[in-house]
Amino acid sequence: VNVCIYRLPRDLSVASPRRSFCPSCKEKISWYDNLPLISFLILGGKCRKCQEPIPIRYPMVEALTAISFVLAVWQWGFSGEALRICIFSALLIALFFTDLETRILPDEMTLGGAFAGWMLALIFPLAFDIVIILLPESLPVNIQSLFSSILGGVIPALGLWLIGELYLRIRKREGLGFGDVKMLLLLGAFLGLEKTVLTIIVGSVAGTVVGVTLLLWKGKEAARYELPFGSFLAAAGLLIAYLPVNNL
């Protein structure tokens with residue numbers, strides 16, 4: 001996950017070089033210095049070669065990913081649903097930090113993640129979602145799940161895109177990044193329409209509260225401050241994924 005967070009926004013390959021490297025000195029990191037959490041503690045949070053501090057984001061991501069995986073298996077056991085939620089969690093954790101650090105939501109995670117969500121919905125059907133009432137009852141359960149997964153993202157994505165276009169025409173400047181729109185495809189693919197709408201509401205409220213607080217604290221003009229909305233959507237989506245919220 002950390003490799004994706006660092007490399008994808010910078011258009012670097014996640015496959016080559018295969019070994020991780022220090023962002024400061026670019027020296028390749030040995031396997032014993034790349035053990036999640038353990039190596040960070042042993043090295044005292046510094047690169048062995050150049051002694052530059054290792055960003056705190058690295059152990060944070062490692063801890064969050066581990067906790068989310070344990071919670072998924074604890075809640076759903078060793079099942080297809082747990083696998084689906086683990087993949088979803090890893091994507092959201094990655095998107096949270098890429099948007100927070102670079103204001104970029106890479107297509108490899110949003111669109112690639114949405115495709116993965118559709119395939120998983122086909123194999124491991126989603127729980128009942130309101131979109132199903134629009135589909136013929138004669139369809140197999142896995143096909144209904146696939147359509148719920150697709151429409152669960154397409155409907156809110158189109159709504160957000162229309163809001164962004166309206167804002168652009170009225171204010172003559174971009175108010176929403178297209179990455180946020182594509183991220184809704186990912187959220188819908190894994191959560192379905194009902195939980196995706198709830199995620200948008202929670203993410204928007206949290207973003208408004210944090211945004212206003214930061215503006216007052218730093219004294220910046222709202223029109224010039226770019227809020228990482230994708231980070232708030234990712235945090236809200238991660239929360240909703242683990243809560244027993246059904247049939248809202």
Side-chain angles (χ1 to χ4, degrees), residues 1-2 4-6 8-10 53-68 71 85 88-107 109-110 113-114 152-153 156-157 159-168 170-171 173-245 248:
V1 175
N2 271 316
C4 292
I5 293 171
Y6 180 82
L8 290 179
R10 295 169 175 80
I54 299 171
I56 193 63
R57 183 253 296 165
Y58 284 85
M60 286 178 64
V61 168
E62 291 164 358
L64 284 171
T65 305
I67 291 170
S68 64
L71 287 176
I85 295 300
F88 185 48
S89 299
L91 286 165
L92 290 186
I93 290 169
L95 287 166
F96 176 89
F97 285 99
T98 56
D99 198 38
L100 187 66
E101 293 179 2
T102 65
R103 300 299 190 271
I104 294 174
L105 297 167
D107 288 348
M109 297 184 199
T110 54
L160 188 64
W161 176 78
L162 288 173
I163 292 173
E165 279 295 302
L166 184 62
Y167 184 91
L168 178 62
I170 294 175
R171 298 295 301 273
R173 64 183 181 84
E174 191 176 90
L176 283 170
F178 200 60
D180 297 321
V181 175
K182 288 181 280 190
M183 187 172 175
L184 290 184
L185 293 176
L186 165 66
L187 291 169
F190 282 89
L191 297 177
L193 180 60
E194 295 176 58
K195 290 185 177 182
T196 298
V197 171
L198 182 58
T199 297
I200 295 171
I201 294 171
V202 174
S204 298
V205 171
T208 300
V209 172
V210 173
V212 170
T213 302
L214 287 175
L215 290 175
L216 292 174
W217 179 39
K218 295 187 176 182
K220 293 184 178 181
E221 294 182 24
R224 296 183 181 181
Y225 185 73
E226 185 181 358
L227 195 69
F229 185 49
S231 294
F232 292 100
L233 284 177
L238 198 59
L239 174 66
I240 300 303
Y242 286 90
L243 291 179
V245 184
L248 300 174

In residues 234-241, what donor-acceptor pairs under 3.5 Å come from side-chain atoms, sequence neighbours left out?
none

For the atom pair OG (Ser231) and CD (Glu101), what is the distance rounded to the nearest 0.5 Å? 9.0 Å
Nearest heavy-atom pair of Pro156 and Thr196: which atoms, and what distance? CG-CG2, 3.8 Å
Test item: Leu186 and Met109 side chains (from C-beta on) under 4.5 Å apart, heavy atoms: no
Spatial distance of atom CG (Leu92) from atom CG (Leu64) [nearest 0.5 Å]: 11.5 Å
If you compare all heavy atoms of Pro106 against all heavy atoms of Leu95, which two are closest, and at what distance to 0.1 Å? CD-CD2, 4.1 Å
With a 4.5 Å heavy-atom cut-off, do Phe190 and Leu91 have their side chains touching? yes
One should read off an interatomic distance between Leu243 CG and Leu198 CG, to the nearest 0.5 angstrom, of 8.5 Å
Any heavy-atom pair between the side chains of Arg57 and Asn2 that's under 4.5 Å? yes
Straight-line distance of Lys182 NZ to Leu187 CG, nearest 0.5 Å: 14.0 Å
Please check: side-chain N/O of Thr98 versus main-chain N/O of Ile104, any donor-acceptor pairing under 3.5 Å? yes
All heavy atoms of Ser89 vs all of Ser68, minimum pair found to be CB-OG, 3.7 Å
Interatomic distance, CD1@Ile200 vs CZ@Phe229, rounded to 0.5 Å, equals 7.0 Å
According to side chain to side chain contact (heavy atoms under 4.5 Å, CB included), who are the partners of Ala157, at least two apart in sequence or on a separate chain? Val181, Leu184, Leu185
Got a donor-acceptor contact below 3.5 angstrom from the Asp99 side chain to the Leu105 backbone? no
Nearest-0.5 Å distance that lies between atom CD1 in Ile5 and atom CZ in Arg10: 10.5 Å
